[in-house]
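See structure below.
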2 protein chains.
Amino acid sequence: MVRTIRDIAKSAGVSVSTVSKVINNYPNVSDKTKERVLRVVREEQFVPNSTARGLVKGSTQTLGLFLTTGLTHPYFVQLLAGLEESLKESGYDLIYLAQIDWNPEYSLVRHCRSRNVDGVLIFGFQRNDLNFDEMLQSEIPTMFIDLDLIGSRAGFITSDNVDSMRQAVSYLTGLGHRKIAFVAGYQDSYVGKLRFEGYRQGIQESDLPYSSEYTFFGDFTRDSGYAAMKQFLECSAPPTAVICCSDMSALGVIEAAAEAGLTVPQDLSVIGFDDIEISRYTNPPLTTIRQDFQTIGRQAVLQLDQLIRTPHIAPPTLIIPTELIIRGSCGICRDSE
Amino acid sequence: MVRTIRDIAKSAGVSVSTVSKVINNYPNVSDKTKERVLRVVREEQFVPNSTARGLVKGSTQTLGLFLTTGLTHPYFVQLLAGLEESLKESGYDLIYLAQIDWNPEYSLVRHCRSRNVDGVLIFGFQRNDLNFDEMLQSEIPTMFIDLDLIGSRAGFITSDNVDSMRQAVSYLTGLGHRKIAFVAGYQDSYVGKLRFEGYRQGIQESDLPYSSEYTFFGDFTRDSGYAAMKQFLECSAPPTAVICCSDMSALGVIEAAAEAGLTVPQDLSVIGFDDIEISRYTNPPLTTIRQDFQTIGRQAVLQLDQLIRTPHIAPPTLIIPTELIIRGSCGICRDSE
DNA sequence: TTGTACGCGTTATCAG
DNA sequence: CTGATAACGCGTACAA
């Protein structure tokens, strides 16, 4: 039994517009009628139809979310928790736009418009996965997560990938390491590039020579870590420390090292990335870089909300710090050379 | 520059109703006008406004999703993948109803109605978390995931928790074990109860005595597994096998066993639940029960779609089989007793 | 302070 | 086969 604003008006003995004014907290309503209307609203459990409201206002208190398919990011759940928290604060529901298709005619912008979303969150994509230019040129408020795209109404938020890796290198050099290898992610992914860049900067800042032998481009999996370490062991001067782009690949590195008779952290230091749940419990516990996805999710919505509500604001670009979690997989360099 | 159906009508030199008929594939339109309209639609990149459509049709091609807060289920991502796949097939977008609040006045039903969703998915809740009765009594098509609630328009889908545990017990008795302990989940959770029930059934079917000493009620964490094993070791006749309600707690059991000088699987057999990514790589690799969350997500949407489209259909209740993944953490019982 | 009437973009009915 | 026109439920100038 669905109630409309008209039913409420009748029950309260006022006009529809008065009800509307009460609901939307307009000033020019006498306290007496306001109270009466409010009582009826409560009694009849009236909730305004957001579809109708969306039609007339051209906005729906809804944020659109585009997600890449096959998402396996370990900390996606945290992101969601961050989203949820701020979604509540700012009063939006989230519509997951699942009807993406990958043919070139598909248009994110049209999809958004047809749904009348107030703003859009985009997560998990690479630069050329979809036609993001159209999105950037549109007037639709947009926040990219982990992709550095900017438009007049579009900003982005991401972890500080570069600094993460510089920190990691610096931590290892502080332990005396000078032969530091790097298990990279996809060469052409946004985060992959930045982390590699951070590694190179770190190397440079510590006056260490860069050797391409010490870099392996993998795919974040355990297997790629394993393969990487096998390759590093072939080097004329094998590394004494390895930085990885994911915890899973760090685990692969440790396994390959163990097979070669090397123990961590005595013979080899290893740093991971992500801080997945298991990392606390591995043997040894993994030293790793933790991304603050809860904050990223939270800030993405908060910033988007600002963008939506402020017409000429500069598009937000946020870089969220990471944290090096020091556990047991790194040790002082014993390489006498 | 947003186009409406009126713009299209003007450009094509026909009436709005004709355009509407073409868009919605109505029969009574001549091929010639249909073609002309379609051309204009394509040229002008017209997409009908789903808000307006939703208003008049009373349905929005949208499914609502209620999620519990702080969801950390490792396989939620799989569920999402399953959802996404079938969402695409059946043409819905998913609206994540984040504006839940926990005061008693909050009504799921009203929230749904205000958004005009066609159906609802509910995941991660316990029976008394919210007022689900109202939902069950409403005419809103609903699928509960992992919660066995049924209404005239509401069904559920879940893994076969009972059978999973019976399988596990049966597998262990097949290996000669007769002292089989159980690390349960929350005592009052839906899945927790069923898994415990399955364990008891399995015990009974194998004519083993049930001993409350052999059951520990934990919370799915590694720590609770650790604590459980410590307790089991205090028994006058410690178990030779342990079944756990999560992989993490299985890892805790193994750790506690190792501390007591027991090696797995020689001295103790351990079975987990979930098959998280890491289980393949632990030492020994974990024998565990895998839930098919991809299928659960997929079927949830498919069944809901059926429910929506068929007025008087019986509410679907699906129990999805699990799979015992046999790896290296179980061995033949050596207990000579 | 309150109410009337129109419009948001679409679909459905019914007359032509 | 095509086109007016009335809904759908709400917000808001404007009139009272």
Side-chain angles (χ1 to χ4, degrees), chain A residues 1-38 40-41 44-62 91 109-118, chain B residues 1-38 40-41 44-62 91 93 110-118:
Chain A
M1 192 181 36
V2 155
R3 316 217 143 281
T4 75
I5 200 171
R6 253 183 293 271
D7 301 324
I8 305 304
K10 200 180 291 174
S11 294
V14 297
S15 74
V16 280
S17 54
T18 303
V19 176
S20 176
K21 281 168 193 161
V22 170
I23 292 174
N24 296 288
N25 270 317
Y26 273 52
N28 296 329
V29 183
S30 73
D31 285 353
K32 222 178 70 189
T33 47
K34 181 184 245 174
E35 196 179 332
R36 186 162 33 141
V37 170
L38 247 23
V40 176
V41 164
E44 318 248 319
Q45 307 208 324
F46 170 73
V47 178
N49 180 312
S50 61
T51 311
R53 185 180 263 176
L55 181 57
V56 45
K57 304 247 305 187
S59 97
T60 50
Q61 284 299 309
T62 301
V109 172
R110 271 179 279 158
H111 197 166
C112 292
R113 284 212 223 288
S114 105
R115 285 287 182 186
N116 269 358
V117 298
D118 296 351
Chain B
M1 193 179 37
V2 154
R3 314 216 144 283
T4 75
I5 199 173
R6 254 183 287 273
D7 300 325
I8 305 304
K10 199 179 292 174
S11 295
V14 296
S15 73
V16 274
S17 37
T18 302
V19 176
S20 177
K21 282 168 194 161
V22 171
I23 292 173
N24 294 288
N25 268 316
Y26 276 52
N28 294 329
V29 182
S30 73
D31 285 354
K32 222 177 72 189
T33 48
K34 181 184 246 173
E35 196 179 333
R36 188 164 30 147
V37 170
L38 247 24
V40 176
V41 165
E44 319 247 319
Q45 307 209 322
F46 171 71
V47 178
N49 180 312
S50 61
T51 311
R53 182 180 269 177
L55 181 58
V56 46
K57 306 246 305 184
S59 97
T60 50
Q61 285 298 308
T62 301
D93 280 327
R110 270 179 281 158
H111 198 167
C112 292
R113 284 211 224 288
S114 101
R115 286 287 181 188
N116 269 359
V117 297
D118 296 351

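Labels below follow one simple rule: chain letters A, B, ... track the order of the sequence lines, proteins then strands, and each chain is numbered from 1.
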[atom1] of [X] versus [atom2] of [N]: gap in Å, rounded?
X	N	atom1	atom2	result
A:Ile8	D:dC10	CD1	P	9 Å
B:Gln61	C:dT10	CD	P	16 Å
A:Arg3	D:dC10	CZ	P	12 Å
A:Leu55	D:dT12	CG	C1'	14 Å
A:Asn116	C:dG9	CG	P	9 Å
B:Arg113	D:dC8	CZ	C1'	16 Å
B:Arg53	C:dC8	CZ	P	19 Å
A:Asn25	D:dT12	CG	C1'	16 Å

What's the closest nucleotide to the [X] side chain, out of [options]?
X	options	result
A:Lys57	D:dG11, C:dT2, C:dA12	D:dG11
A:Pro48	C:dT13, D:dC10, D:dT12	D:dC10
A:Arg6	D:dT2, D:dG9, D:dT5	D:dG9
B:Asn28	D:dT2, D:dG3, C:dT11	D:dT2
B:Ile5	C:dT10, D:dG11, D:dT2	C:dT10
A:Lys21	C:dT2, C:dA5, C:dT10	C:dT2
B:Ala52	D:dT5, D:dG3, C:dG9	C:dG9
A:Asn24	D:dT5, D:dA7, D:dG11	D:dG11

Pick base, sugar-phosphate or nothing for [X], based on heavy-atom distances below 4.0 Å to the nucleic acid.
X	answer
A:Asn49	sugar-phosphate
B:Thr33	sugar-phosphate
A:Ser20	base

Between [X] and [N], does any side-chain N or O lie under 4.0 Å from OP1 or OP2?
X	N	value
B:Thr51	C:dC8	no
B:Thr4	C:dG9	no
A:Thr18	C:dG3	yes
A:Ser17	D:dG11	no

Using side-chain heavy atoms (C-beta onward) and a distance below 4.5 Å, is [X] in contact with [Y]?
X	Y	value
B:Arg36	B:Val22	no
B:Glu44	B:Ser11	yes
B:Val19	B:Val14	yes

Self-check item: Donor + acceptor pair across side chains of A:Thr62, B:Arg115 (<3.5 Å)
Solution: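 Present: a donor and an acceptor within the cut-off.
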
Quiz item: Can any side-chain N or O of B:Asp118 pair as donor or acceptor with the backbone N or O of B:Thr60 at less than 3.5 Å?
Solution: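 At least one qualifying donor-acceptor pair exists.
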
Quiz item: Is a donor on one side and an acceptor on the other found under 3.5 Å between the side chain of B:Ser114 and the backbone of A:Ser50?
Solution: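 Not confirmed, B:Ser114 side chain does not pair with A:Ser50 backbone.
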
